[in-house]
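In what follows, a single structure is set out as C-alpha cells and then discussed.
Just so you know, ligand 1 is whichever comes first in the structure, and atom 1 is the first atom listed for that ligand.
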Amino acid sequence: MKRCYITTPIYYASGKPHIGHAFTTILADVIKRYKQQNGYEAYFLTGTDEHGNKIESKAKSLGLDPQTFVDQNVAYFQQMWKQLDINFDHFIRTTDLSHKAQVQHAFQLLYDKGLIYQSNWEGAYCVECEQNYFTYDKQTMLCEIGHQLTLVQEPSLFIAFKDSKDWIGEMIATNKLNITPESRAAELKNNFLDGGLNDLALTRQNVTWGIPVPFDNKQTIYVWFDALFNYITNLGFAHNDPKFNKWWNNNDEEHEVIHLISREITRFHCIYWPIFLHQLGFKLPTQFLSHGWIVDGNGHKMSKSLGNVISPEELLAQFGVDGTRYCLLKEMRLDKDNRCSMAIFKDIYNADLANSFGNHASRTFGMIKKYLGGQLDFIEVQDPQVKQLMDQANQAMVQFDTAWNNFQFYKGINGLLQLVFQASKLIDQLKPWELVKQTDYTLLKQLLFACVRCTQVCFVLLSPILVHTSTQIFDLFNFSAQARSKTHLADPQQLQKISLAPVIQPLFKRLD
Ligand code: MSP
C-alpha cells in the first residue's frame with residue numbers, strides 16, 4: 001500500500017496560534033486528506049516546540065514557571081486545531097518524557113561517533129527565531145524578520161560536519177533532497193554552503209529550560225537539535241518501535257515522507273536535519289515543501305512579535321471552518337510570499353464560494369426541484385454542447401490532479417472554477433425554462449445531469465478542503481457512497497437516481 005508521513009513544523013508554545021501556524025497546519029491536513037482520497041495510508045504529525053531561551057524568558061516575564069506557561073499555550077493550539085477540523089494522528093510536545101530521553105540518546109550516539117567536540121561559540125543570535133546569523137546588518141542589529149539580534153560568546157559543544165559538508169552540498173546542488181520550490185535550494189547554496197558550512201553549536205550554558213546534555217547536566221541541548229528530532233522520536237526511533245520502520249526508515253518505493261516548513265526554517269530542515277540523519281545512518285525525508293510567508297500590506301511577515309497578524313479566531317468568525325480553510329489554501333502560492341488581509345479573503349469567499357461553487361450547486365438543485373420534481377436518473381449525454389461540458393469535467397479532474405501533485409493548489413481550484421463558469425454559460429445558452437415550455441425533456445435532463453456531474457466533480461475534489469460543505473452537498477443530492485468517492489470519480493455512471501433533499505439552505509452566504 002502507498003504510504004505517506006506528513007509533518008508540520010512544531011510551533012513555539014510561546015503564545016496562541018496565529019494565521020501562519022494555521023496555514024501550514026491546514027495545508028498538511030488537506031494534503032493528508034488528499035493522499036487518503038488517492039489510496040494512501042497516511043500519518044500526520046504536528047505539535048509544539050517547548051524549550052529554549054525564548055520560552056524561558058517569556059514565561060519569566062509573566063511570572064510563570066515555563067511548564068505552566070507552555071501547558072497553557074499548548075491548550076490554545078490544540079483547541080484551535082479542533083476548531084479548524086485538523087485531523088492529525090499525533091500531537092508531539094518536546095516536553096514529553098519519551099521525546100526528551102530519545103533526544104539525549106541521539107546526542108549520545110553522535111558523541112560516541114566522535115562527532116561532538118568542545119569549542120567557543122561567538123556570533124549574533126536571534127532569540128525570537130532561536131538561531132544564529134553569520135551575516136547580518138551590524139547597524140540595525142535586526143534579523144531577516146525584523147527581530148532584535150544579540151551578540152553572544154560562550155563555550156559550547158559543537159557538532160563537526162566534516163565529510164557531511166561535501167555530501168550535503170552535492171545533495172542540494174543536484175536537488176536530491178527534493179526541495180519545493182527549487183529556488184530555495186539555490187538560496188541555501190548561496191547563503192550557507194558556498195562560503196563553507198560552519199559547524200553548529202549544540203549546547204547552551206545559560207539556558208536552563210532545555211533537555212540536559214546526557215553526560216553534563218550543567219548544559220542544555222540547543223532547542224533546534226531537540227526540535228528537529230521530534231519527527232522521529234514520536235515514531236520511537238530509539239526503541240526499535242515498528243512505527244519507525246513503517247513510517248520512516250524503510251526502502252519501500254511508494255513511501256513518502258513530506259516535511260512542510262516555511263522559508264525561514266529551510267536551513268535547519270534542509271541542511272542540519274539531513275546531516276544528522278545521514279550521520280546516524282537513517283533515511284532522509286522524500287520531500288521538503290518550503291512555502292513562502294503570509295505578509296501584511298507592507299510586505300512584512302505576519303508574526304506575533306511584530307504585532308501585524310490576523311488571528312485564526314477572526315477568520316473563523318467571518319468565514320466559518322470551510323471558508324477559512326478554503327481562503328487560506330486558495331490565496332497562498334507556495335513559491336512566493338503572499339499579501340493577505342481580511343478584505344482579500346472576503347473577495348475570495350464571495351467570488352469563489354458564494355458566487356461560483358455555492359451558486360452552481362444551489363442553482364442545479366433549484367432547477368431539478370422545479371422542473372423535474374426533485375428526481376433525476378442517470379442519462380447518456382448525446383447533445384454535442386452538453387457532451388462538451390461533460391468532457392470539460394473530465395479534463396478538469398485530470399488537470400486538478402496534475403496541479404495538486406505539484407503542490408499547485410490554486411491552479412487545481414482555478415480549473416474547477418472555470419468548469420463552473422462553463423456550466424453557467426451553457427445554462428444561460430440552453431435556457432432550461434424555455435426547454436420546459438417546449439417540453440424538450442431529453443435535452444433538459446441531459447443539461448441538468450451535466451450540472452450535477454460538475455457539482456460532483458467540484459465537491460469531491462474540494463472535499464479535502466471543504467470537509468463539511470462537501471458532505472452537506474452530497475447529502476442534498478443524495479449521492480451514493482461511490483458517487484462521493486475519488487476512486488470512482490472518472491465514471492459518471494455512479495450518479496444514479498438523484499433524489500433531492502426537501503430543502504436547501506444557502507450554502508455559502510454572500511458577505512457584504
Ligand atoms: N519551533 C520552530 C520550528 C521547529 S520544527 C522542528 C518554529 N516555530 S514557529 O512557531 O515560529 O513556527 C514557524 C512556522 O509557522 C513556519 O515554518 C510556518 O510553517 C508557520 N508560519 C509562521 N508565520 C508564518 C507566516 N507569516 N506565513 C506563513 N507561515 C508562517 O519556527
Side-chain angles (χ1 to χ4, degrees), residues 6-29 31 45-55 58 70 73-74 76-77 80-81 86 91-95 99 103 106 126-131 143-147 184 210 221-234 257-274 276-277 285 288-312 315 328-329 331-341:
I6 175 149
T7 68
T8 69
I10 48 170
Y11 307 113
Y12 289 122
S14 56
K16 291 186 172 180
H18 68 67
I19 188 171
H21 303 135
F23 168 67
T24 313
T25 312
I26 291 170
L27 180 62
D29 186 65
I31 295 175
L45 174 75
T46 189
T48 38
D49 190 353
E50 304 185 14
H51 291 127
N53 195 340
K54 159 167 156 153
I55 304 261
K58 286 206 172 153
V70 292
N73 293 328
V74 168
Y76 291 132
F77 275 89
M80 181 46 67
W81 298 162
I86 304 298
F91 189 101
I92 188 162
R93 300 185 54 178
T94 54
T95 50
H99 170 81
V103 168
C126 172
V127 176
E128 276 298 329
C129 306
E130 292 283 17
Q131 59 173 295
C143 81
E144 57 173 342
I145 298 173
H147 307 129
R184 302 261 188 269
I221 295 175
Y222 174 38
V223 64
W224 266 101
F225 184 88
D226 164 353
L228 287 165
F229 275 89
N230 90 89
Y231 300 127
I232 60 172
T233 59
N234 94 95
V257 176
I258 308 179
H259 282 329
L260 296 193
I261 51 178
S262 78
R263 64 186 176 86
E264 81 287 5
I265 60 174
T266 308
R267 162 169 55 137
F268 288 88
H269 284 82
C270 299
I271 295 182
Y272 303 137
W273 179 227
F276 298 150
L277 290 166
F288 295 86
L289 189 54
S290 170
H291 62 75
W293 291 335
I294 300 178
V295 294
D296 64 17
N298 297 320
H300 295 132
K301 177 175 184 266
M302 281 197 188
S303 94
K304 259 195 316 243
S305 47
L306 302 183
N308 57 352
V309 279
I310 300 175
S311 76
L315 292 169
L328 279 171
L329 210 85
E331 183 53 18
M332 284 293 287
R333 288 268 309 263
L334 303 192
D335 53 347
K336 62 181 191 74
D337 291 346
N338 301 270
R339 277 172 210 261
C340 289
S341 66

Discussion item. Among all protein heavy atoms in this structure, tell me which lies nearest to atom 22 (C) of ligand 1, with the distance rounded to 0.1 Å.
Written reply: H18 CE1, 3.6 Å
Discussion item. I'd like to know if the side chain of S290 pairs up with that of R184 as donor and acceptor (distance under 3.5 Å, no hydrogens or angles considered).
Written reply: yes
Worksheet item: Going by the order shown, which atoms of ligand 1 are within less than 4.0 Å of some heavy atom of A227?
Response: 6 (C)
Worksheet item: At their closest point, which heavy atom of S14 faces which heavy atom of I55, and how far apart are they?
Response: N-CD1, 3.9 Å
Fill in: Taking atom 16 (C) of ligand 1 as the reference point, the nearest protein heavy atom with its distance
S262 OG, 3.2 Å
Discussion item. Under 3.5 Å, is there a donor on one side chain and an acceptor on the other for S262 and H291?
Written reply: no
Worksheet item: With a 6.0 Å cut-off on ring centres, are Y76 and H21 close enough?
Response: no
Practice prompt. For F229 and A106, work out which heavy atoms get closest and say how close.
Written response: CE2-CB, 3.6 Å
Worksheet entry | Backbone or side-chain N or O of D49 under 3.5 Å from ligand 1 N or O | yes
Worksheet entry | Winner among Y12, F229, F77 once heavy atoms are compared against atom 7 (C) of ligand 1 | Y12
Practice prompt. List every atom of ligand 1 that sits less than 4.0 Å from any heavy atom of T24, numbering the atoms from 1 in the order shown and giving each element.
Written response: 18 (C), 19 (O), 20 (C)
Response to the item:
Heavy-atom nearest pair, E130 first then N53, reads OE2-N, 3.0 Å
Discussion item. Considering G292, S290, G20, G15 one by one, which has a heavy atom nearer to atom 30 (C) of ligand 1 than any of the others?
Written reply: G20
Worksheet item: Hey, does F268 sit under 4.0 Å from ligand 1 if you only count heavy atoms?
Response: no
Practice prompt. Report yes if H21 has an N/O atom closer than 3.5 Å to an N/O atom of ligand 1; otherwise report no.
Written response: yes
Fill in: ligand 1 contact on E264 by region, counting heavy-atom pairs under 4.0 Å
side chain
Worksheet item: Taking non-hydrogen atoms only, is Y231 closer than 4.0 angstrom to ligand 1 via side chain, backbone, both or neither?
Response: side chain
Worksheet item: When you measure from atom 3 (C) of ligand 1 to each heavy atom in I10, I19, N338, D226, which option holds the nearest one?
Response: I10
Worksheet item: Between M80 and P17, what is the shortest heavy-atom contact and its length?
Response: CB-CG, 3.7 Å
Response to the item:
Note: I294, heavy atoms under 4.0 Å from ligand 1, region reported as both
Practice prompt. Find all atoms of ligand 1 within a distance of less than 4.0 Å from any non-hydrogen atom belonging to W224, and give their numbers and elements.
Written response: 2 (C), 3 (C), 4 (C), 5 (S), 6 (C)
Item to complete: For I294 and N338, run side-chain contact (heavy atoms from CB on, under 4.5 Å): C-alpha distance rounded to whole Å, both residues' side-chain angles, the deciding distance at 0.1 Å, then the answer.
Response: CA-CA 5 Å; I294 300 178; N338 301 270; 5.7 Å; no
Worksheet item: Which residue holds the protein heavy atom closest to atom 29 (N) of ligand 1, what is that atom called, and what is the gap in Å?
Response: H291 CE1, 3.3 Å
Discussion item. Does ligand 1 come near enough to M302 that some N or O of the ligand is less than 3.5 Å from an N or O of the residue?
Written reply: yes
